[in-house]
Amino acid sequence: MSNIVYIAVSLDGYIADKAGSVDWLHSIPNPEGSDMGFGEFIGRVDALVMGRNTFDMVLSFGIDWPYSKPVFVLSNTMAQVPAGYEDKVFIVNGPLDEVLVTLRRQGYKDLYIDGGVTIQNFLKADLIDEMIITTIPVLLGGGLPLFGDLVTPLNFKHVKCERLLDSLVKNHYLRVRDGVNGK
């Protein structure tokens, strides 16, 4: 069972610019339309857990719903999912460890954790097992940072690096826990 982050970040560590936009994600030409491994990744997870802001952003893209897996949206204020998403999106709330217990009981093992605040909160609670972070060589100079404050340092082991589109660098990390993953 793993909680996995799969995300792109600017060279200076941001996942959205100062205006909250992610348009910069497309700043590198991708003439072949490569998904850069996302399809393979999404094939190995059972469901997604994302924050309300990320959910709202995905809806704002004006595209068909991009996920074939169940999406659990963390929200204390959302009463119901928008019409048309009732069989795709489910609202969850409460302490993260309790949310995870509930999802595990429902049979979900490998979860894709998405959204800046959600990722930061999972890290604060030491609930992230893997991180796959693709760095895009653009400096945003501010915005929404991927990482926030932690109570204690978290150690990760770098297990893989890929160069994509002659510009991007995708790094894969595993959480190192006492006696596990190479420590």
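For the single chain, residues carry numbers from 1 onward in sequence order.
- Of all the heavy atoms in Pro137 and Leu168, the pair that sits closest is CD-CD2, 3.8 Å.
- The two residues Gly94 and Asn76 have their closest heavy-atom pair at N-OD1, 4.2 Å.
- No single ILVMFWY cluster, assembled from side-chain heavy atoms under 4.5 Å apart, contains both Leu123 and Ile132.
- Criterion: ILVMFWY side-chain heavy atoms under 4.5 Å apart, direct or through other members. Under it, Ile7 and Met57 are not part of a common hydrophobic cluster.
- At distances below 3.5 Å, at least one donor-acceptor pair connects side-chain atoms of Asp46 with backbone N or O atoms of Lys109.
- Between His172 and Phe41 there is no side-chain heavy-atom pair separated by less than 4.5 Å.
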_Between Val58 and Tyr67, is the side-chain contact (heavy atoms from CB on, under 4.5 Å) condition met? List the steps._
CA-CA 10 Å; Val58 172; Tyr67 306 111; 3.9 Å; yes
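- In this structure, the side chain of Tyr6 engages the main chain of Phe38 through a donor-acceptor pair within 3.5 Å.
- Taking the side chain as every heavy atom from C-beta outward, Tyr14 and Leu144 never approach each other to under 4.5 Å.
- Using a cut-off of 4.0 Å between Lys/Arg side-chain N and Asp/Glu carboxylate O, Arg44 and Glu130 are scored as salt-bridged.
- Using a 4.5 Å heavy-atom cutoff, the side chains of Ile91 and Arg52 are not in contact.
- With a 4.5 Å cut-off on side-chain heavy atoms, Val176 and Phe156 do not count as touching.
- One distance of note links CD of Glu162 with CG of Leu164; it measures 5.5 Å at 0.5 Å rounding.
- Rounded to the nearest 0.5 angstrom, Ser10 OG and Ile15 CD1 are separated by 9.5 Å.
- Classification of Arg175 and Asp126 as a salt-bridged pair holds, one side-chain N sitting under 4.0 Å from a carboxylate O.
- Exactly one of Asn3, Leu74, Ile113, Val101 qualifies for a side chain to side chain contact (heavy atoms under 4.5 Å, CB included) with Leu96. That residue is Leu74.
- Around the CD atom of Glu32, the shell of radius 6.0 Å holds no more than 12 heavy atoms that belong to other residues, nucleotides or ligands.
- Nearest approach of Pro29 to Pro31, heavy atoms of both residues: C-CD, 3.5 Å.
- The distance from atom CZ of Phe61 to atom CG of Asp56, rounded to the nearest 0.5 Å, is 11.0 Å.
- From Leu154, atom CG reaches atom CZ of Phe147 across 9.5 Å, with rounding to the nearest 0.5 Å.
- Residues Leu100 and Val117 are members of separate hydrophobic clusters, defined by side-chain heavy-atom contacts under 4.5 angstrom among Ile, Leu, Val, Met, Phe, Trp and Tyr.
- Panel note: side chain Asp114, backbone Met50; no donor-acceptor pair is recorded below 3.5 Å.
- Between Val71 and Trp65, the closest side-chain pair of non-hydrogen atoms falls below 4.5 Å.
- Here CD of Gln106 is found 11.5 Å from CZ of Arg104. Values are rounded to the nearest 0.5 Å.
- In the hydrophobic clustering of this structure, Ile4 does not group with Val159; members are Ile, Leu, Val, Met, Phe, Trp, Tyr whose side-chain heavy atoms approach within less than 4.5 Å, directly or through other members.
- Atom CG of Asp87 sits in a crowded spot, with more than 12 heavy atoms from other residues, nucleotides or ligands closer than 6.0 Å.
- With hydrogens and angles ignored, the 3.5 Å screen pairs a side-chain donor or acceptor of Thr118 with a backbone N or O of Gly51.
- Closest approach of Cys161 and His158 over heavy atoms only: CB-CE1, 3.6 Å.
- Within the 3.5 Å criterion, the main-chain N or O of Asn30 finds no donor-acceptor partner in the side chain of Ser34.
- Nearest heavy atoms, Asp110 versus Ser2: OD1-N, 3.0 Å.
- For Gln120 (side chain) and Pro145 (main-chain N/O), a donor-acceptor pair under 3.5 Å exists by modelled atom type.
- Neither Phe90 nor Val45 shares a network with the other; the hydrophobic side chains, linked directly or stepwise wherever heavy atoms of I, L, V, M, F, W or Y lie under 4.5 Å apart, form separate groups for each.
- Using a 4.5 Å heavy-atom cutoff, the side chains of Ile119 and Leu146 are in contact.
- Residues Pro82 and Leu59 are in side-chain contact: their nearest non-hydrogen atoms beyond the backbone lie under 4.5 Å apart.
- Asp17 places no side-chain N or O within donor-acceptor distance of the main-chain N or O of Gly143, the cut-off being under 3.5 Å.
- With values rounded to the nearest 0.5 angstrom, Lys170 atom NZ is found 6.5 Å from Lys160 atom NZ.
- Contact detail for Ile136 and Ala8: the closest heavy-atom pair is CD1-CB, 4.0 Å.
- Contact check for Ser75 versus Phe55: no side-chain heavy atoms found under the 4.5 Å cut-off.
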